[in-house]
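Here's the structure, in structure tokens; my notes come after.
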Amino acid sequence: MDPFLANKTSKIYVAGHRGLVGSAIVKKLQQLGFTNLILKTHKELDLTRQSDVESFFAAEKPEFVILAAAKVGGIHANNTYPAEFISINLQIQTNVIHSSYINGVKKILFLGSSCIYPKMAPQPITEEALLTGPLEPTNEWYAVAKIAGIKMCQAYRLQYNWDAISGMPTNLYGPNDNFHPENSHVLPALMRRFHEAKVSGAKEVVVWGTGSPLREFLHVDDLADAVVFMMEKYSGLVHINVGSGQEVTIKELAELVKEVVGFEGELVWDATKPDGTPRKLMDSSKLADLGWVPKVSLKDGLVDTYKWYVEYLKQ
Ligand SMILES: NC(=O)C1=CN([C@@H]2O[C@H](COP(=O)(O)OP(=O)(O)OC[C@H]3O[C@@H](n4cnc5c(N)ncnc54)[C@H](OP(=O)(O)O)[C@@H]3O)[C@@H](O)[C@H]2O)C=CC1
Ligand SMILES: C[C@H]1O[C@H](OP(=O)(O)OP(=O)(O)OC[C@H]2O[C@@H](n3cnc4c(=O)[nH]c(N)nc43)[C@H](O)[C@@H]2O)[C@@H](O)[C@@H](O)C1=O
């Protein structure tokens, strides 16, 4: 395994650097003193365009690649745009992983998601649960693309002895999240809705589903820390779960976001909206055994994210 942290002038390509995850990884790498990051916006380099990706890699020759570019969204977006979720993600990851290999990248980290696991996987979910049962229907298209990404990393490791690894984060949140009213994940969606209700003086806020599903949330700064940790310490065939172990019901989350935002009205549940997976708590003991633990509590992370959101609205 090539050391990652030893040389702060290594050329590192962070794909998707303006997103929730990519921006936190760039911040972390800069804090650590890395000076040679390659960053391209979606407009500058569309990763679904195979020949453009090939030319970019041939010209830049990065030493390390962190793949945080993807078509991402919450339950509604996944359910509404299945063709885009499967096709765009397959294209991005296939182009980036293959070009990385062809151009001598020393190590690549591919990011998947906890939705790769069967809907009814035993909890907490270990890495071994992959491909043991049917997927959650609201996001199976995205999940199939992500499973293909894991398998591509494994295949290239087996056939070419190449250091391709995969990390599977749980539900993430933090600065630079997507706050779209319909297409975002639950946490930024509720933060925006409660904030707008507080500002307008609304008496009620609508929350989707029944409130009973359980989700595990991890602050994106913890994920960025875990990504750097895996680049340095992990080299293996198996994908690695990255979770916080902090599980709440959607109802508990909604009450917590309401408190942090300071909305004083009522919650109204829209049961016509899907609940999705009933529970997806990951077993992250493989990463813990390697020596990594998360630091940010859900409450502190929410306060930090809301502070960021209020500042972002002023821009
Ligand atoms: N958010 C979450 O809760 C979780 C995320 N993950 C994984 O983390 C990774 C990053 O997700 P996240 O940061 O939340 O997503 P974001 O949507 O915040 O960021 C994705 C980034 O990818 C870029 N991108 C998308 N399509 C293309 C393209 N065709 N060419 C170039 N760039 C592109 C986007 O640019 P632009 O906006 O300009 O299109 C954006 O900068 C993904 O692999 C996701 O599966 C895993 C578990 C949970
Ligand atoms: C990270 C993960 O994210 C997605 O899966 P998900 O965990 O189901 O994502 P979610 O954050 O959108 O919803 C979580 C729960 O929350 C409820 N909920 C309430 N009110 C709102 C609401 O206003 N918006 C949203 N989005 N959900 C709401 C919602 O009904 C559901 O019960 C995958 O598609 C896939 O992308 C993936 O891997």
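Heavy atoms only: backbone and side chains are in, while hydrogens, waters and symmetry mates are out. Order of listing sets the numbers, starting from 1, for every ligand and every atom in it.
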Using a strict threshold of under 4.0 Å (side-chain N to carboxylate O), is an ion pair present between [Y] and [X]?
X: Glu247; Y: Arg279; answer: yes
X: Lys295; Y: Asp225; answer: yes
X: Arg157; Y: Asp163; answer: yes
X: Lys299; Y: Glu259; answer: yes
X: Lys286; Y: Asp289; answer: no

Which ligand 2 atoms are under 4.0 Å away from a heavy-atom of [X]?
X: Cys115; answer: 38 (O)
X: Arg193; answer: 22 (C), 23 (O)
X: Gly74; answer: 12 (O), 34 (O)
X: Asn171; answer: 1 (C), 7 (O)
X: Ala189; answer: 22 (C), 23 (O), 24 (N)

What is the closest protein heavy atom to [atom], and at what distance does it sit?
atom: atom 34 (O) of ligand 2; answer: Asn78 ND2, 2.9 Å
atom: atom 31 (C) of ligand 2; answer: Asp275 O, 3.3 Å
atom: atom 8 (O) of ligand 2; answer: Arg215 NH2, 3.0 Å
atom: atom 37 (C) of ligand 2; answer: Ser113 OG, 3.7 Å
atom: atom 36 (O) of ligand 2; answer: Gly73 O, 2.8 Å
atom: atom 12 (O) of ligand 2; answer: Ile75 N, 2.7 Å
atom: atom 15 (C) of ligand 2; answer: Ile250 CD1, 3.6 Å
atom: atom 29 (C) of ligand 2; answer: Pro274 O, 3.9 Å

Which of the listed options, Trp208, Phe85, Trp141, holds the heavy atom that is closest to atom 20 (N) of ligand 2?
Trp208
Just to be sure I'm reading this right: ignoring hydrogens, which of Ala70, Ser184, Ser114 gets closest to atom 26 (N) of ligand 2? Compare them by their nearest heavy atoms.
Ser184
Say whether, by atom type as modelled, one donor and one acceptor occur between the side chain of [X] and the main chain of [Y] under 3.5 angstrom.
X: Gln93; Y: Ala145; result: yes
X: Glu54; Y: Ser99; result: no
X: Lys146; Y: Leu111; result: yes

Test log, rule salt bridge (charged side-chain N to carboxylate O under 4.0 Å, His left out), inputs Glu63 and Lys11:
CA-CA 5 Å; Glu63 291 164 79; Lys11 207 169 188 181; over 6 Å; no
Could you check whether any side-chain heavy atom of Leu281 comes within less than 4.5 Å of a side-chain heavy atom of Leu214, counting everything from C-beta outward?
no
Describe, in one word, how the ring planes of Phe57 and Tyr13 are oriented to each other, choosing from parallel (under 30°), tilted (30 to 60°) and perpendicular (over 60°).
perpendicular
What do you reckon, are the aromatic ring centroids of Tyr101 and Trp162 less than 6.0 Å apart?
yes
May I ask whether [X] places a heavy atom under 4.0 Å from ligand 2?
X: Val207; value: yes
X: Lys280; value: yes
X: Glu136; value: no
X: Thr138; value: no

List by chain and number: which residues place a heavy atom under 4.0 Å from ligand 1?
Gly16, Arg18, Gly19, Leu20, Val21, His42, Leu45, Asp46, Leu47, Thr48, Ala68, Ala69, Ala70, Val72, Ile92, Leu111, Gly112, Ser113, Tyr142, Lys146, Pro169, Thr170, Asn171, Leu172, His185
Applying a heavy-atom cut-off of 4.0 Å, say which part of [X] lies close to ligand 2: side chain, backbone, both or neither.
X: Glu182; answer: neither
X: Val186; answer: both
X: Ala77; answer: neither

In Å and rounded to the nearest 0.5 Å, what is the OH to CD distance from Tyr117 to Glu128?
8.0 Å
Return the CG to OG distance between Asp275 and Ser212, rounded to the nearest 0.5 Å.
5.0 Å
Tell me every residue that passes side chain to side chain contact (heavy atoms under 4.5 Å, CB included) with Lys314, counting only those two or more places apart in sequence or in another chain.
Val310, Glu311
List the steps, then state whether side-chain hydrogen bond (donor to acceptor under 3.5 Å, both in side chains) holds for Asp283 with Thr126.
CA-CA 5 Å; Asp283 179 334; Thr126 63; 5.9 Å; no
Charged tip of Lys107 within 45° of Phe64 ring normal and under 6.0 Å:
no
